[in-house]
Colleague: 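Starting off with a structure, shown below.
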Amino acid sequence: MQRWRICEEDKISRLPDEILSHILSFLTTKKAVRTSLLSKRWTDLWQSCHIIDFTDIQVYCNRTNRRFNKLVESVLATAGSRNINTFLLEILYGHPHFAYKVSFRNVVKWVNKIVLQNELKNLCLHLDVDEYDDEDNNEDEHFLPKLPNCIFTCKTLVSLDLRRFRVKGFSFSSDGFGFPSLKTLHLDDIKFPRGRDFLLLLSGCPILEDLKLFQAQAQTQVPSDDIPIFYNLTHLKLHNSWDLVVRVLHHCPKLQNIELFEDMYGARGNGDDNEESCEELEFVPQCLLSHLRSCTIQNLGRLERDLILPMYILKNARVLQTMKIKIWYRSEQSEIERKFSLCSKASASCQLLFYASFVNV
């Protein structure tokens with residue numbers, strides 16, 4: 001058995017560096033660095049990877065923070081000798097004070113370094129805090145780290161995924177801004193100072209195909225006439241009020257898949273917005289007539305205003321194949337299913353799938 005293991009190890013060691021580097025690219029950077037302990041053959045192989053992947057990182061104390069910072073600094077020190085095309089950073093902090101007051105500035109420094117020294121294609125930055133402290137008022141935008149402005153002038157980006165940042169001190173109307181290659185944009189809990197800035201950001205993504213907006217906020221409302229038309233967008237994920245969804249549908253003529261999250265604690269309390277949305281639905285968006293194939297509705301309620309948009313999509317989406325509906329309260333499932341059973345469908349082949357959470361009332 002031991003002889004067999006030696007033979008297998010020798011066989012792997014004889015593989016070319018390019019293949020071994022490709023294999024290591026499927027590991028997180030933390031695990032890839034550990035392979036340097038296997039033998040001299042593996043000492044520097046991890047440094048040939050074009051991906052830096054610090055995902056599933058948990059920082060709960062000063063000790064783990066120091067160790068993680070040291071690891072990141074050592075990895076970034078080697079980035080100048082190779083072209084990094086992917087940088088993934090997902091960190092869960094165990095305490096808000098520790099995250100906001102101590103660690104976030106390191107993240108900004110790392111991003112500045114990796115963006116300025118490389119021609120990045122994929123950038124993912126997720127910051128989460130496990131515990132919340134009212135005294136720290138961590139919901140205030142000033143406690144979110146400022147997104148490095150160098151990101152907005154990175155012309156090589158193909159995908160950009162951001163979570164828990166604020167945008168400040170950058171003019172989206174400047175000549176240096178633009179994402180000519182960006183196809184995927186995911187924004188989760190990103191604070192914009194003005195609605196115009198958010199629109200200019202979207203306008204700077206001419207070939208966008210995949211857009212996800214989850215609590216992307218601006219201090220001013222976004223006029224529907226100013227929303228750019230996304231001619232290449234095929235996948236859309238929104239967590240916002242129904243009225244924004246309605247306006248966006250008119251600007252995505254080739255949309256094929258949509259996933260919507262109802263604002264259970266906001267939109268339900270404002271019936272006027274939903275009535276205005278109904279007025280805007282008189283003109284059927286082009287995507288419903290010829291392209292939309294799947295629709296997923298999350299956290300649907302049984303109130304009549306909650307059903308307006310899903311039923312409208314069902315009545316007008318001619319090529320719709322599947323509509324999945326997650327119901328927030330299990331006790332409402334039978335009533336919602338009954339109402340949808342009475343609704344006409346533009347697509348005779350469309351399947352309606354209902355499932356409920358474990359919440360009961």
Colleague: For R163 and D161, indicate whether the former's side chain and the latter's backbone hold a donor-acceptor pair under 3.5 Å.
Modeller: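 No: the side chain of R163 does not pair with the backbone of D161.
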Colleague: Are K109 and E73 close enough for a salt bridge, meaning some N to O gap below 4.0 Å?
Modeller: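 Yes, this pair counts.
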Colleague: Sub-3.5 Å donor-acceptor pair from the side chain of K155 to the main-chain atoms of G176, do we have one?
Modeller: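 Here the side-chain-to-backbone pair exists.
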Colleague: Within a radius of less than 6.0 Å around NZ of K183, do more than 12 heavy atoms belonging to other residues, nucleotides or ligands occur?
Modeller: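 Counting neighbours around NZ of K183, 12 or fewer heavy atoms of other residues, nucleotides or ligands fall under 6.0 Å, so no.
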Colleague: Backbone N or O of G169 within a donor-acceptor pair of the N149 side chain at under 3.5 Å?
Modeller: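 A pair under 3.5 Å: yes.
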Colleague: Assess the pair W110 and F104: is the distance between their ring centroids shorter than 6.0 Å?
Modeller: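 So the answer is no for these two rings.
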Colleague: Apply ring-ring contact (aromatic ring centres under 6.0 Å, His included) to the pair F68 and F54, showing each step before the final yes or no.
Modeller: CA-CA 10 Å; F68 176 63; F54 287 112; 5.6 Å; yes
Colleague: So that I can tick it off, tell me whether R164 and D189 are bridged by a salt bridge, with the cut-off set at under 4.0 angstrom between side-chain N and carboxylate O.
Modeller: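 Yes, this pair counts.
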Colleague: Aromatic ring centroids of F198 and F172 under 6.0 Å?
Modeller: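 No, ring centres 6.0 Å or more apart.
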Colleague: Determine whether the aromatic ring centres of residues Y60 and Y93 are separated by less than 6.0 angstrom.
Modeller: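 Aromatic pair excluded; centres sit 6.0 Å or further apart.
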Colleague: Decide if atom NZ of K30 counts as having more than 12 heavy atoms of other residues, nucleotides or ligands within a radius under 6.0 Å.
Modeller: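 Open.
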Colleague: How about S294 and N257: does a side-chain donor come under 3.5 Å of a side-chain acceptor?
Modeller: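 Looking only at side-chain atoms, N257 and S294 do form a donor-acceptor pair, the distance falling under 3.5 Å.
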Colleague: Do Q286 and S290 have side-chain N/O donor and acceptor atoms under 3.5 Å apart?
Modeller: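 Yes, side-chain donor-acceptor contact under 3.5 Å.
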Colleague: Just checking, is any N or O donor in the side chain of S159 or T184 under 3.5 Å from an acceptor N or O on the other one?
Modeller: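 Short answer, no.
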Colleague: Quick one: do the Q351 and Q321 side chains pair a donor with an acceptor below 3.5 Å?
Modeller: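 No, Q321 and Q351 have no side-chain donor paired with an acceptor closer than 3.5 Å.
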